[in-house]
Amino acid sequence: MSQTNMAQPGAEQPLTQLVLNKWFSYQDEVFLPLKNLPNKHQGLFSIAFAGNFSITHIKAIIDFFAKHNQTVTGLCQYQPDLSLPAALCFYIKQAELPINPLVLQQFSSTLDFQLVQIACPPNLYEPGLLVMDMDSTAITIECIDEIARLANVYDEVASVTALAMAGKLDFSESLNQRVAKLTGIEKSLIDELKNNLPLMPGIKMLCQILKQHQWHLAIASGGFVPFAEQVQALINLDEVHANVLEFKDNKLTGKVLGTIVDAQQKAVILESLQQQLGLIKSQTVAIGDGANDLKMMATAGLGVAVHGTAKVVEQAQAAICQGSLLQLLYMLAIPLNSVATV
């Protein structure tokens, strides 16, 4: 089939008729190839993913942006990894500010997909930096809550964790409160939990792909070193930064040693790594789920909330609200160069 035929689908034809990784304009229900690639340093890139897309979706999305005074000047269907379904990227050349992420989420959820808007997207195919939170981001649990469960103080600790993650309690204060409740727990229980950490779906494959493209991978966690080091081994991270629990006679003393890795320290870690690696800001990415990740996200070129609360989703640049973390590739592999092929 010729590209000309592919570029003029009828209203009921599936989007698989479009050429992957090629940019088109869409006017009067006709796709026309764009002569020039979008400029990554200008405008906004709106990514629709995790949906079964049709021409109807394209029309609805373009109309949605128009209602927010944003005009789509190009669109592209692409598939950054064969294990992911194809996504759509809408380029808005002239846009002053992105739409509130909660508004994007509300709109896209009615059509059963996810939608994010980012500026100056990172390039998967150049060296970069990913700094991730650990608990409820790289792994599916909050380690401190699970330790508390083993010690039969789960309800007390989990309630404080929830306040801290929602930004309603200072993180350092909350950490000290929670760790104090764990006094006397045997190190063997910590080791048992450490050896059975459940990874977040998609994180291992994501890290494998990033490492193939010379990305530096790190954890900056308000959690604890034994668990962070275990995650490092499981997904081949370059380094981890987390809090140090004090043990005496193989039991927790209820104290944290050294500098606490809080929101500010997470941001410092990311900025320091960026400088050490000689990277431009746009090649730095931070992901996390809690309010204590927001400063780190703001410091990065791209900050992505992972299954986060409404407060975190609203303040992050983008969000993955459900599904695999491999979906982060949609934001890193927008086809803006010749090597961006499946």
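FYI, side chains are in, hydrogens and waters are out, and symmetry mates aren't considered; it's all heavy atoms of this structure.
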Q.
Nearest 0.5 angstrom please: Ile219 CD1 to Ile269 CD1, how far?
A. 11.0 Å
Q. Under 3.5 Å, is there a donor-acceptor pair between the side chain of His307 and the main chain of Gly323?
A. yes
Q | NZ/NE/NH1/NH2 to OD/OE distance under 4.0 Å, Asp191 and Lys187 | A | yes
**Q.** Selection residues 260-272 - residue pairs positive for salt bridge (Lys or Arg N to Asp or Glu O under 4.0 Å), sequence neighbours left out
**A.** Asp133-Lys266, Lys266-Asp293
Q. Is Gln327 reaching over with its side chain to a backbone N or O of Gln322, donor-acceptor style, under 3.5 angstrom?
A. yes
Q: Verify the cluster assignment for Leu130 and Leu294: are they in a single hydrophobic cluster under the rule of side-chain heavy atoms below 4.5 Å apart?
A: no
Q.
For Asp63, I'd like to know if atom CG has over 12 heavy atoms of other residues, nucleotides or ligands within 6.0 Å.
A. yes
Q | Pairs involving residues 241-254, ordered by first then second residue, that meet salt bridge (Lys or Arg N to Asp or Glu O under 4.0 Å) (sequence neighbours left out) | A | Glu186-Lys251
Q) What pairs meet the salt bridge (Lys or Arg N to Asp or Glu O under 4.0 Å) rule with one or both residues in residues 220-244, with sequence neighbours excluded? A) Lys211-Asp238
Q: Please name all residues satisfying side-chain hydrogen bond (donor to acceptor under 3.5 Å, both in side chains) with Asn243, sequence neighbours left out, ordered by chain then number.
A: none
Q.
Using a 3.5 Å distance criterion without hydrogens, assess whether the side chain of Tyr78 forms a donor-acceptor pair with backbone atoms of Tyr330.
A. yes
Q. For Ile62 and Phe90, what are the C-alpha separation, side-chain angles and deciding distance, and is it a side-chain contact (heavy atoms from CB on, under 4.5 Å)?
A. CA-CA 8 Å; Ile62 290 176; Phe90 297 81; 4.0 Å; yes
Q: Identify the two heavy atoms, one from Ala151 and one from Ile185, that lie closest to each other, and give their separation to 0.1 Å.
A: CB-CD1, 3.2 Å
Compile the donor-acceptor pairs under 3.5 Å between side chains in residues 33-42 and protein atoms, sequence neighbours left out, one pair per line.
unit_1, atom_1, unit_2, atom_2, d
Asn39, OD1, His41, N, 2.9
Lys40, NZ, Pro121, O, 2.8

Please list every donor-acceptor pair under 3.5 Å in which a side-chain atom of residues 157-165 meets a protein atom from a residue at least two apart or in another chain.
unit_1, atom_1, unit_2, atom_2, d
Ser159, OG, Asp155, O, 3.2
Ser159, OG, Glu156, O, 2.8
Thr161, OG1, Asp145, OD1, 2.8
Thr161, OG1, Val157, O, 3.1
Thr161, OG1, Arg178, NH1, 2.8

Q: Decide whether Leu175 and Met296 are clustered together by the hydrophobic rule: side chain heavy atoms of Ile, Leu, Val, Met, Phe, Trp, Tyr closer than 4.5 Å, transitively.
A: no
Q. Mind checking whether Phe113 and Phe107 have parallel, tilted or perpendicular rings, split at 30° and 60°?
A. perpendicular
(Q) Is there a side-chain contact (heavy atoms from CB on, under 4.5 Å) between Ile203 and Met132? Walk through the geometry before answering. (A) CA-CA 10 Å; Ile203 187 65; Met132 66 190 82; 4.0 Å; yes
Q: Report yes or no: do Ser108 and Gln114 form a side-chain donor-acceptor pair below 3.5 Å?
A: no
Q) Does atom CG of Asn176 have more than 12 heavy-atom neighbours from other groups under 6.0 Å away? A) yes
**Q.** Check against side-chain contact (heavy atoms from CB on, under 4.5 Å), Leu189 and Ile147
**A.** CA-CA 8 Å; Leu189 291 177; Ile147 299 172; over 6 Å; no
Q | Gln212 atom CD, neighbour heavy-atom count above 12 within 6.0 Å | A | yes
Q. Cut-off 3.5 Å, side chains only: do Asn236 and Gln208 have a donor facing an acceptor?
A. no
Q: Test Glu314 against Asn100 for side-chain contact (heavy atoms from CB on, under 4.5 Å), laying out the working first.
A: CA-CA 7 Å; Glu314 185 172 28; Asn100 186 309; 2.9 Å; yes
(Q) For His68 and Phe64, take the angle between the two ring planes, folded into 0 to 90°, and tell me which bin it lands in: parallel under 30, tilted 30 to 60, perpendicular over 60. (A) tilted
(Q) I'd like to know if the side chain of Ser272 pairs up with that of Gln276 as donor and acceptor (distance under 3.5 Å, no hydrogens or angles considered). (A) yes
**Q.** Taking every non-hydrogen atom, the tightest pair across Pro122 and Trp215
**A.** CB-CH2, 4.2 Å
Q) How long is the gap from CG on Asp170 to CD on Gln177, to the nearest 0.5 Å? A) 9.5 Å
Q | Hydrophobic cluster identity match, Leu234 and Leu217, side-chain contacts under 4.5 Å | A | yes
Q. How far does CG of Leu328 sit from CG of Leu84, to the nearest 0.5 angstrom?
A. 10.5 Å
